[in-house]
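Here's the structure, in structure tokens; my notes come after.
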Amino acid sequence: MTVVTRFAPSPTGYLHIGGARTALFNWLYTRRLGGTFRLRIEDTDRARSTDDAIKLIIEGLKWLGLDWDGEVVMQFARAQRHAEVARQLLAEGKAYHCYCTAEELEEMRAKARAEGKPMRYDGRWRNRDPKDGVPNVPPVIRLKAPQTGETVIDDLVQGRVIVANDVLDDMVLLRGDGTPTYMLSVVVDDHDMDITYVIRGDDHLNNAFRQYQLYQACGWKVPLFAHVPLIHGPDGAKLSKRHGALGLEAYRDMGYLPETMRNYLLRLGWGHGDDEIISTDQAIQWFDIKDVGRNAARLDMAKLDNLNGHYIREADNARLTTLVAGRLKDVDPAGLARVERGMNGLKQRAKTIIELAENARFYTAKRPIPISAKAQALLTADGKALLAGVQPALAATDFSEPALEDAVRQFVEGFKVKLGQVAQPLRAALAGETTSPGIFEVMAVLGREEALGRIADAAGQA
RNA sequence: GUCCCCAUCGUCUAGAGGCCUAGGACACCAGCCUUUCACGUUGGUAACACGAGUUCGAAUCUCGUUGGGGACGCCA
């Protein structure tokens with residue numbers, strides 16, 4: 001059997017991290033088995049769906065590197081087909097018209113709650129004659145669901161889950177205005193798209209039972225279900241805007257790399273022994289639904305940072321320079337060239353692209369460069385004297401890293417001072433900060449003219 | 001309220017009855033490296049929610065309790 005999966009977000013907001021993980025799992029699974037991964041936008045909620053959200057979802061998936069097969073299916077465009085299925089069911093006696101008002105339904109729920117019973121529609125129109133229909137009230141179509149027995153789902157993640165049919169009610173398939181409900185749409189679309197594996201969030205587990213009944217009524221083959229646990233915020237509660245429930249693009253803007261997100265999201269709820277750093281190719285080979293855990297995971301930004309640091313260190317210098325360039329103001333090509341040349345030292349010290357850009361700023365600064373208060377404190381009279389002292393030695397070198405280091409070390413030996421006593425003022429003069437990449441690397445990257453100029457600027461300030 | 005799911009260090013997890021005096025990673029603490037900050041490296045603190053069973057033996061199986069989560073729409 002060929003594997004066909006789908007990611008089916010509703011465009012009522014951004015693509016959050018939980019959805020991104022669901023998409024990733026679907027994608028990994030099909031890529032491993034050589035199957036097909038489809039994208040379907042569930043835009044049947046006309047009031048809440050927006051084009052903006054659709055754009056964010058598609059851009060988010062592309063940024064994450066998850067490519068889908070075939071055309072994007074827009075669910076609302078298929079509403080006619082969905083409605084047809086509902087009418088067919090009605091014709092076959094497997095569904096019926098219901099004229100209940102919102103008030104009646106509200107009463108039912110209140111009553112059920114008061115009696116300690118499950119909140120469900122009581123099926124009062126299930127066996128009534130269609131001629132009893134209320135004039136001027138457009139009826140909904142409800143599924144005539146089994147009232148006894150139980151529905152069993154053998155979930156690939158959750159195992160066998162059984163629910164008694166009497167707690168499930170006759171769900172609405174077609175609304176009064178003739179538009180299909182989500183339950184109808186998903187089932188019809190998944191069937192029509194030949195989906196074999198429905199891999200989605202745990203919050204849909206309950207829906208799976210109702211959908212199963214609909215498949216049965218239609219006489220269709222039921223796909224395999226895999227309900228993956230949700231992602232919680234750091235406090236264990238639902239994801240909120242404060243932490244995590246941000247769009248994928250927010251993570252991009254916070255300076256995380258897509259490969260970081262793929263690796264991190266993969267490890268949330270899935271493991272492969274003691275492996276932590278897992279390349280996407282490796283993930284495709286290893287990923288299996290049966291290894292997905294059953295418990296919800298919390299977001300840990302510290303670990304995300306650590307992973308991102310790893311991937312930044314591994315990333316290509318030219319690529320990092322491009323990413324950084326977008327976040328730097330007033331950069332000229334020469335400055336950017338310095339950033340790229342200094343990237344080996346810079347990328348060692350950043351957890352995010354934002355941090356990388358901040359740390360790279362001194363390379364693009366124009367003389368006289370801004371000196372922070374802490375750095376200024378290093379430029380004491382002694383410090384300045386030492387700066388003035390080393391300058392000739394530096395000027396005499398070819399400005400290669402080893403030559404510069406050699407020159408400074410000889411100078412330090414001659415003057416009987418510690419390396420740090422010279423290095424720190426140099427750092428302040430060259431970077432304007434108390435921390436920076438190795439000072440010899442920095443000088444080599446800046447080049448003779450710029451480096452000596454910055455040193456002179458600092459030494460000269462009385 | 002009803003139904004469903006879950007439960008190993010602070011966090012992500014390994015663990016599918018003896019290999020567990022419970023392993024790894026992040027975070028944290030201490031040391032080393034060192035021109036700063038990082039990186040790297042060495043070591044340390046830290047967990048099987050609780051209670052009954054089953055078994056020669058349970059983190060692993062069963063039941064219960066507690067705790068957390070999800071779902072109960074003419075939303076998706």
Side-chain angles (χ1 to χ4, degrees), chain A residues 8-12 42-45 47-49 75 98 100-102 105-106 109 112-121 138-142 155 157-159 161-164 167-169 171-177 179-183 185-186 201-209 227 229-230 232 234 236-238 264 267-277 293-307 309-310 313 345-351 359 378 405 408-409 412 418-428 431 433-440:
Chain A
S10 61
T12 52
E42 308 214 317
D43 57 348
T44 53
D45 184 338
R48 293 196 298 152
S49 295
Q75 189 162 63
C98 166
C100 279
T101 61
L105 294 170
E106 192 43 55
R109 280 190 275 271
R113 197 192 170 96
E115 292 173 0
K117 289 180 182 162
M119 292 188 264
R120 54 194 284 286
Y121 169 67
V140 302
I141 295 179
R142 285 184 184 270
D155 193 275
V157 171
Q158 307 292 340
V161 188
I162 302 169
V163 157
V167 304
L168 268 18
D169 61 5
M171 63 179 157
V172 173
L173 300 177
L174 209 60
R175 301 187 184 102
D177 64 1
T179 60
T181 61
Y182 160 79
M183 288 289 183
S185 296
V186 227
D202 216 356
D203 48 340
H204 285 288
L205 183 57
N206 289 276
N207 292 334
F209 295 95
H227 289 94
L230 303 177
H232 290 159
K238 243 177 149 171
Y264 182 73
R267 286 288 291 108
L268 233 42
W270 177 89
H272 184 272
D274 286 340
D275 296 297
E276 295 289 344
I277 304 289
R294 275 169 291 271
N295 48 319
R298 299 186 188 196
L299 214 55
D300 182 358
M301 295 304 279
K303 190 154 185 169
L304 220 208
D305 279 349
N306 175 272
L307 250 194
H310 169 85
R313 272 173 256 131
L346 291 172
K347 69 183 180 184
Q348 219 60 238
R349 299 168 166 76
K351 303 273 190 220
N359 294 344
L378 291 171
E405 174 156 7
V408 173
R409 287 195 186 274
V412 159
K418 288 196 170 137
L419 183 54
Q421 289 176 267
V422 178
Q424 280 305 83
L426 270 175
R427 194 181 312 282
E433 291 293 342
T434 56
T435 67
S436 79
I439 209 64
F440 306 117

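Labels below follow one simple rule: chain letters A, B, ... track the order of the sequence lines, proteins then strands, and each chain is numbered from 1.
The separation between Lys117(A) atom NZ and A71(B) atom P is 25 Å, rounded to whole Å. Note: NE2 (His232(A)) to P (G68(B)) measures 12 Å, nearest angstrom.
With sequence neighbours excluded, the residues forming a side chain to side chain donor-acceptor pair (under 3.5 Å) with Arg427(A) are Gln424(A), Ser436(A), listed by chain and number. Not a single side chain to side chain donor-acceptor pair (under 3.5 Å) links Asp274(A) to another residue, sequence neighbours left out. Qualifying side chain to side chain donor-acceptor pair (under 3.5 Å) partners for Asp300(A), counting only residues two or more places apart in sequence or in other chains: none. Considering only residues two or more places apart in sequence or on other chains, Thr181(A) meets the side chain to side chain donor-acceptor pair (under 3.5 Å) condition with none of them. A search for side chain to side chain contact (heavy atoms under 4.5 Å, CB included) contacts involving Val167(A) returns Pro118(A), Val163(A), not counting sequence neighbours. Qualifying ring pair (Phe, Tyr, Trp, His ring centres under 6.0 Å) partners for His272(A), counting only residues two or more places apart in sequence or in other chains: Trp286(A). Every residue two or more places apart in sequence or in another chain that forms a ring pair (Phe, Tyr, Trp, His ring centres under 6.0 Å) with Tyr182(A) is listed here: His204(A). Under the side chain to side chain contact (heavy atoms under 4.5 Å, CB included) criterion, Asp45(A) pairs with Ala47(A), Arg48(A), Ser49(A), sequence neighbours left out.
When the P atom is compared between A38(B) and C32(B), the two are found 16 Å apart, to the nearest whole Å. Atom C1' of C4(B) sits at a distance of 24 Å from the matching atom of G51(B), rounded to the whole Å. C9(B) and U65(B) have their C1' atoms separated by 24 Å, with the value rounded to a whole Å. The separation of G57(B) from A14(B), taken at their C1' atoms, amounts to 22 Å, rounded to a whole angstrom.
Nucleotide U35(B) has no partner under the Watson-Crick or G-U criteria, as no pair reaches both atom distances under 3.5 Å. In this entry U66(B) has A7(B) as its Watson-Crick or G-U wobble partner, both defining distances falling under 3.5 Å. Nucleotide A58(B) forms a pair with no other nucleotide shown, judged by Watson-Crick or G-U wobble geometry with both contacts under 3.5 Å. The pairing partner recorded for A16(B) is none, the criterion being a Watson-Crick or G-U wobble arrangement whose two distances lie under 3.5 angstrom. In this structure, A22(B) forms no base pair with any nucleotide, since neither Watson-Crick nor G-U wobble geometry is met with both distances under 3.5 Å. For G1(B), the paired nucleotide is C72(B), the pair qualifying as Watson-Crick or G-U wobble because both relevant distances are below 3.5 Å. Across all strands shown, A30(B) pairs with U42(B); the Watson-Crick or G-U wobble distances both stay below 3.5 Å.
Side chain to side chain, His227(A) and Asp202(A) fail the donor-acceptor criterion of an N or O pair below 3.5 Å.
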Revision key, fill the gap. Contact string for nucleotides 4-12 of chain B, one letter per nucleotide 5' to 3', B = base within protein heavy-atom range under 4.0 Å, S = sugar-phosphate only, - = neither, reads SSSSS-BBB

Revision key, fill the gap. With B for base contact, S for sugar-phosphate-only contact and - for none (protein heavy atoms under 4.0 Å), nucleotides 28-51 of chain B reads -------BBBBSS-----------

With 3.5 Å as the limit, what N/O pairs link the protein to nucleotides 72-74 of chain B?
from, atom 1, to, atom 2, distance (Å)
C72(B), O2', Met119(A), O, 2.9
G73(B), OP2, Arg109(A), NH1, 3.1
C74(B), O3', Arg175(A), NE, 3.4
C74(B), O2, Gly176(A), N, 3.1
C74(B), N4, Cys100(A), O, 3.0

Under 3.5 Å, which protein N or O atoms sit close to an N or O of nucleotides 18-23 of chain B? Give each pair with its distance.
from, atom 1, to, atom 2, distance (Å)
G23(B), N2, Asp274(A), OD1, 3.0

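The two residues Arg267(A) and Asp275(A) come nearest to each other via the heavy atoms NE-O, 3.4 Å. Taking every heavy atom of both residues into account, Leu378(A) and Pro425(A) meet most closely at O-CG, 4.1 Å.
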